[in-house]
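Right, one structure below, let's go through it.
So that the names make sense, note that chain A is the first sequence line, chain B the second, and so on, each numbered from 1.
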Amino acid sequence: MSAAGDWRLRVEALDKTFTLHLQGGLRIPVLRGEALTVRAGECVVLAGPSGAGKSTLLRCLAGNYGACGGRILVREEDGSATDLAAAGAREVARLRRHVIGYVSQFLRVIPRVPALDIVAEPMVARGVARDAAREAAARMMHRLNLPGRLHGLPPATFSGGEQQRVNLARGFGAGHPLLLLDEPTASLDAGNRAVVIELIQEAKARGAAIVGIFHDAEVRDAVADRLHDISPLPDAA
Amino acid sequence: MSGAPGFSYAYLDEGTKRMLRRTLLKAVAIPGHQVPFGAREMPLPYGWGTGGIQVTAAVIGPSDVLKVIDQGSDDTTNAVSIRRFFQRVAGVAVTERTTEATIIQTRHRIPETPLTEGQILVYQVPMPEPLSRLEPRLAETRRLHALADYGLMQVRLYEDIVTHGAIATAYNYPVIVDGRYLMSPSPIPAFDNPKMHRMPALQLFGAGREKKIYAVPPYTDVVSLDFEDHPFRPIRAPHACALCGATDSYLDEVLTDDAGGRMFACSDTDYCATRQAARKAAE
Amino acid sequence: MSAPLLAAEGLTLRFGAIPALLGVSLEIHPGEVVAIVGESGSGKTTLLRVLSGQVAPQSGRVLYRGQDIAAMGEPALRRLMRSEWGYVHQNPRDGLRMSVSAGGNVGERLMASGARHYGNIRAAAAEWLARVEIEPARMDDLPRGFSGGMQQRLQIARTLVTHPALVFMDEPTGGLDVSVQARLLDLIRGLVADLGLAVLLVTHDIAAARLLAGRILVMRRGEVVEQGLTDRVLDDPQHPYTQLLVSSVLAA
């Protein structure tokens, strides 16, 4: 059982280089020797100029991009640690269900599925009964100012801001111990930004470790415990 | 008749009879399973009972008494021809009385009078494969039989109920023999199917054109396919025989004039005649 | 971790000089959806047919629940195909009986497994037709009169009625109009999730793979060039061919 303050995420010597075979094998190194530790209850914000590799790092932490070298150690609630970079596909899938929550910038819209079910789905995947998951989903959606009349509709016709709030409800609803947030407030107004700040603080309070990219200075200042700088690598020779 | 050089009892040479008997043994050992055999040319065309004749010729002996019926009647052209044929080549006694016969060759009916142990019923079969309309490939039907994969036939019955509200198969109604093989009982009316179940007599089936023989040994289970909520029911015209008054026999509809007049009479002529004689004696 | 439902080891099959499969191995676990993508000639359909026991490989083996399917014998394999397995053909006419009513098509597997109550069979058929969004009132109609999309949905109902554990799907949306494809894909997605089906999905449609599959295998000329989590393989492709495939997909 890990206590608050124990590390949740430990990145060691992480390398990521893209090889573009369609451009004659052009190699683009983005991360080299990246190291980062995040504790339970802590929110680390990735900072750096555009194109420096913040999103790339986040996607490596989500298992969306593969690591070329190094380790990404993820610690579960029972204290056991797994190296995400070396884990097989099914292991990564399991970690995503139970440990790592990823809120991307844009909602991936599945046609014909009501917003409520999209939000409830990660909870159901973690074993919550569908009815209970739907109720929790509805509460979360109300917090993010998504009125009841939208819950039963597929989000394809929602505005960008509404879609993003569905995405946020989905991401925060399941209570993952490690939360990765990529520009969570990009299309939100001040009121909803405040809700997101609350959600992040509640997550920290329950012991979640958070890694985020925020361009909005106000939100960043409200939630960050520290900044982690990422500088662009010098161009490959 | 016998003993003359070049003469073979009951028309078939000994080699053919041996082949047929081996086939019959195998058929009896696997109730309902179609066994291929080397059908010979017989002195009547395909479709006229060559299979039945070959089976009868293989089992008949000088002490047998033969009855031949065609749609229940002893006196149609075909029945008469076949009966005369065996009188000539086997020298057997013939009869029209079901109770007196040891071998009964039949086309399209089972006699109304219950058969007994020691009797043999030989059916003439045009198409031995019960699945032939549903699955035209014989190689595939062989596989289906081997795997007892009979869902297709059940589907056909389902479709009948969908289209007609009831299973509409009036004759050649498919049966399961000894809980294993799906069998075509030959084009006997569905009404006759229950007679096959645990019949004390030996039932042999010969298909000459398709070159298949199958059999149902005495006292074997023969169950007509159905659904639990649409059980099999033997169907007959809801009349009494105009000649003998029977209400439990299969009836033929006979047109009596050109004005549409008709009457119903027992298809089994021996059964009807026996009943009429009994009635007369009782008066 | 649970044991794999189906495991293939080193499958190799050549049609003369043409390599259809070269040392292909894969696993699928209960409830998993695995997509096999590739262009024509990649061997993906051959792979599906080998995995479902329709074609024997020249070397390698396929294990279902730990048992070698080559050693099972045809009766056991056919029983499997009728009950625990399902196979959805690209052309629905290959997977349907066109002269049997829609209800009869759906009920056939039930009847083949011993169902003998007409009313119950009909009720199950009606339920499944509704589930694949076919009006139950069309139960007694022949599939001949159905549109391509409806025929495909009927084939899916017919396959899923016995709650198979593993379903093989061969380009289930091939040949259908785009709008029809979307609806069908979503239907499949929902049914797979509701029933916890394991699905081996062969497709050339990468978007369909992304929507439906948790893992993906990329095939080229009989070989698996890359495999892994779907979003990883599609967002961070490593192999040159995978990069080519992904970059070739036109975004709407």
Non-hydrogen side-chain atoms of C/Leu185 and A/Arg112 separated by less than 4.5 Å: no
Non-hydrogen side-chain atoms of A/His21 and C/Gln238 separated by less than 4.5 Å: no
Quick one: pull up [atom1] in [X] and [atom2] in [Y] and give me the separation to the nearest 0.5 Å.
| X | Y | atom1 | atom2 | value |
| --- | --- | --- | --- | --- |
| C/Asp231 | A/Ser104 | CG | OG | 10.5 Å |
| A/Asn64 | C/Thr230 | CG | OG1 | 11.0 Å |
| A/Arg96 | C/Leu229 | CZ | CG | 5.0 Å |
| C/Arg232 | A/Arg59 | CZ | CZ | 12.0 Å |
| C/Leu211 | A/Arg108 | CG | CZ | 9.5 Å |

Residue C/Ile216 versus chain A: region with a heavy atom under 4.5 Å: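 For C/Ile216, neither part sits under 4.5 Å from chain A.
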Proximal component of C/Arg189, with respect to chain A [non-hydrogen, under 4.5 Å]: side chain
Looking only at heavy atoms, what is the nearest atom pair of [X] and [Y], with distance?
| X | Y | answer |
| --- | --- | --- |
| C/Asp236 | A/Lys16 | OD2-NZ, 2.6 Å |
| A/Tyr65 | C/Asp235 | CE2-O, 3.7 Å |
| A/Leu22 | C/Ser247 | CD1-OG, 3.2 Å |

C/Arg210 atom CZ, over 12 foreign heavy atoms within 6.0 Å: yes
All pairs passing side chain to side chain donor-acceptor pair (under 3.5 Å) where residues 115-126 of chain A contributes a residue, at least two apart: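 Sorted pair list: A/Asp117-A/Arg134, A/Glu121-A/Arg170.
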Contact winner vs chain C - A/Val113, A/Leu20, A/Val92, heavy-atom pairs under 4.5 Å: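 Greatest number of close heavy-atom pairs with chain C: A/Val113.
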